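Input: a single structure, listed below in structure tokens.
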Amino acid sequence: MEPKIKIVNVVVSTQIGSDIDLEEAALILDNAEYEPEQFPGLVCRLSDPKVALLIFRSGKVNCTGAKSKEEAEVAIKKIIKELKDAGMDIIDNPEVKVQNMVATADLGIEPNLDDIALMIEGTEYEPEQFPGLVYRLDDPKVVVLIFGSGKVVITGLKREEDAEIALNKILETLREIEEII
Amino acid sequence: RLRKWQRRIRVSDASERNLAFALSELDRIASKLGLPRNVRENAAVLYRGAVEKGLIRGRSIEGVAAAALYAACRRCRVPRTLDEIAEASRVDRKEIGRTYRFLARELGIKLAPTNPIDYVPRFASELGLPGEVESKAIAILQKAAEKGLTSGRGPTGVAAAAIYIASVLLGNRRTQRDVAEVAGVTEVTIRNRYKELTEHLDIDVTL
DNA sequence: AACTTACTTTAGAAAGC
DNA sequence: GCTTTAAAAAGTAAGTT
């Protein structure tokens, strides 16, 4: 519990029915946009849990922008209630699956990105294109963006605890590099 | 049996035609950018390697050629930005960058991040600056790298700021606007890097 | 020169082109 | 591959004031 890891985004998927009339749903939901020419899903933004939901004709639903799985579940229950109250055929307590989580943290040191790029396989660092170094880990299968400030972004997370595991692995690798130098 | 034979001829015909096209593309882009022979040859080697490993599948010949040239420029320490390569070819920078990463990974080429110092000779030359200014800019960049002032910043921006500072210090002043133009960055970026470098390296620039 | 807004990178799901 | 969604990191860019 040394590093303060903060979950900043959670992506979740679920299914609330099948063969959903998105035109109808668009009329029922307040902040809904549905432009099939542009994207096959209906976009609905909620302000309460500040999230965005994508609803598809198949009944599949994605929820992004939540800070936790629970927050995403609250958002999904909200739209389910709205659609059900309007008379649509919707599943009540669908199983929600976390597809991805994004976290931020601080290494507490200012790493030399050039050294990391040269010494660690599987890292990409192209400052011309992006200031962060891209570090792909296999064990917790996540991707970590490391910045010169020591700030870090961890994404691809399926479990919250993997963030700390990944962070510790990186700190350990950084220590090994410093020993060599 | 005869069909199979004809097919082989056709395939090898197509391969040769594609390789010839790729090499002419490399030459066309390289000429437009005024790249030396060794860079073109290096790019051709990379391209052939990509063909041998079947890395062209699902990718355009122009895209792979542009990416090979981008990688070759870096390997030969005469870097061109993705924007410069994109402008000289008809491939957009996003695809060149993506293809370059793919090639580097698949061909097992590990390129060090572009060193801002590698941009100095070209930029200084385009600005008509003497060798002393070039050397001074390089010295500034070496100090900057030691203090971690280049990490995360765009190589062209840092190089531009160092050249600007060196030009002022040695009495061969170029305007930020002129330096920004040859480096392909904005004046705002030069000012930001300028502030950072002069403050952290204790450089007194009196105008 | 300051502000604001916006784009670069990463992951993942969805349905369709 | 692309399209759309959200969010963070830090750098760079562009438009206003």
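Just so you know, these numbers use all the heavy atoms, side chains as well, and skip hydrogens, waters and symmetry mates. The structure displayed is predicted, hence computed values, not measured ones. Throughout, a chain's letter reflects where its sequence line sits, starting with A, and its residues are numbered from 1.
Between Tyr125(A) atom OH and dA10(D) atom P the separation is 13 Å, expressed in whole Å. Note: CE (Met101(A)) to P (dA8(D)) measures 15 Å, nearest angstrom. Nucleotide dA9(D) holds its P atom 16 Å from the CZ atom of Arg153(B), rounded to whole Å. One can place CD of Glu181(B) at 14 Å from P of dA13(D), the figure rounded to the nearest angstrom. Distance CG (Leu149(B)) to C1' (dA10(D)): 15 Å, rounded to an integer number of Å. Across the protein-nucleic acid pair, Glu37(A) atom CD and dT4(D) atom P stand 14 Å apart, rounded to whole Å. Atom CG of Leu145(A) and atom P of dA10(D) are 11 Å apart (whole Å). Between Lys151(A) atom NZ and dG11(D) atom P the separation is 11 Å, expressed in whole Å.
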Inset, instruction - Tell me, with the steps shown, if Lys4(A) and Asp106(A) meet salt bridge (charged side-chain N to carboxylate O under 4.0 Å, His left out). - result: CA-CA 7 Å; Lys4(A) 43 258 157 243; Asp106(A) 195 332; over 6 Å; no
Legend entry - Check against side-chain contact (heavy atoms from CB on, under 4.5 Å), Leu149(B) and Val158(B): CA-CA 9 Å; Leu149(B) 298 175; Val158(B) 200; over 6 Å; no
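Looking at Tyr135(A), its side chain never comes within 3.5 Å of a backbone N or O of Val142(A) through a donor-acceptor pair. Although no hydrogens or angles enter the test, the distance criterion places a donor-acceptor pair under 3.5 Å between the side chain of Ser167(B) and the main chain of Arg174(B).
Closest non-hydrogen pair, Leu141(B) versus Ala159(B), comes out as CD1-CA, 4.1 Å. Closest of all the heavy-atom pairs between Thr64(A) and Asn9(A) is C-OD1, 3.9 Å. The two atoms that bring Ala68(B) and Leu46(B) nearest to each other are O-CD1, 3.6 Å, heavy atoms only.
Across all strands shown, Arg59(B) has no heavy atoms under 4.0 Å from either base or sugar-phosphate atoms. When heavy atoms are screened at a 4.0 angstrom cut-off, Val11(A) is found touching base atoms of the nucleic acid. Among the atoms of the strands shown, none is found under 4.0 Å from any heavy atom of Val12(A). Nucleic acid contact for Gly154(B): sugar-phosphate only, since backbone atoms but no base atoms lie under 4.0 Å from a heavy atom of the residue. Across all strands, Gly132(A) comes closer than 4.0 Å to no nucleic acid atom at all (heavy-atom distances). At a threshold of 4.0 angstrom between heavy atoms, the contacts of Arg193(B) are confined to the sugar-phosphate backbone, with no base atom among them. Using a 4.0 Å heavy-atom distance criterion, Lys50(A) is classed as a sugar-phosphate-only contact.
Note on Val12(A) and Val74(A): separate hydrophobic clusters, where clusters join Ile, Leu, Val, Met, Phe, Trp and Tyr whose side-chain heavy atoms are under 4.5 Å apart, directly or indirectly. Following chains of ILVMFWY side-chain contacts shorter than 4.5 Å, one cannot reach Ile20(A) starting from Val43(A), and the two form parts of different hydrophobic clusters.
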Legend entry - Structure string for DNA chain D in dot-bracket form, Watson-Crick and G-U at under 3.5 Å, | interchain: |||||..|.||||||||
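Between the C1' atoms of dA2(C) and dA8(D), the separation comes to 24 Å (whole Å). Of the P atoms belonging to dT3(D) and dC7(C), the separation is 12 Å, rounded to the nearest Å. Using P as the reference atom, dG1(D) and dT9(C) are 13 Å apart when rounded to the nearest Å. Between dC3(C) and dA7(D), the distance separating the two C1' atoms is 23 Å to the nearest Å.
Atoms CD1 and CZ, from Ile120(A) and Arg136(A) in turn, are 14.0 Å apart once rounded to the nearest 0.5 Å. Atom CG of Leu103(B) and atom CD1 of Ile96(B) lie 11.5 Å apart (nearest 0.5 Å). Here Asp89(A) contributes atom CG and Asp21(A) contributes atom CG; the two are 12.5 Å apart, rounded to the nearest 0.5 Å. Here the CG atom belonging to Leu201(B) is positioned 8.5 Å from the NZ atom belonging to Lys143(B), to the nearest 0.5 angstrom.
Summary of the strand contacts: Phe39(A) and Val8(A) both lie near DNA chain D, and taking for each the nucleotide with the nearest heavy atom, the more 5' one is attributed to Phe39(A).
Using a 4.0 Å cut-off on heavy atoms, none of the residues of residues 26-36 of chain A approach DNA chain C. Near-neighbour residues of DNA chain C inside residues 54-74 of chain A, defined by a heavy atom below 4.0 Å, number-ordered: Leu54(A), Phe56(A), Arg57(A), Ser58(A), Lys60(A), Asn62(A).
At dA10(D), one or more side-chain N or O atoms of Ser149(A) fall inside 4.0 Å of OP1 or OP2 (strictly under the cut-off). Applying the 4.0 Å criterion to OP1 and OP2 of dA6(D), one finds that Arg45(A) has a side-chain N or O inside that range. For Thr189(B), a side-chain nitrogen or oxygen approaches OP1 or OP2 of dA13(D) to under 4.0 Å.
For Tyr34(A), the ring pair (Phe, Tyr, Trp, His ring centres under 6.0 Å) test picks out no residue, with sequence neighbours left out.
Comparing atom distances between the Phe147(A) side chain and each of dA14(D), dA10(D), dC2(D) picks out dA10(D) as nearest. Considering only the side chain of Thr186(B), dA13(D) comes nearest among dA6(D), dA13(D), dG11(D).
Along DNA chain C, read 5' to 3', the first and last nucleotides having any atom under 4.0 Å from a heavy atom of chain A are dT8(C) to dG16(C).
For the residue pair Glu126(A)/Tyr100(B), the side-chain donor-acceptor check at 3.5 Å is satisfied.
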Please tabulate, for the side chains in residues 173-181 of chain A, all donor-acceptor contacts under 3.5 angstrom to protein atoms that are two or more places apart in sequence or on a different chain.
| residue | atom | partner | partner atom | Å |
| --- | --- | --- | --- | --- |
| Thr173(A) | OG1 | Lys169(A) | O | 2.9 |
| Arg175(A) | NH1 | Glu172(A) | OE1 | 3.0 |

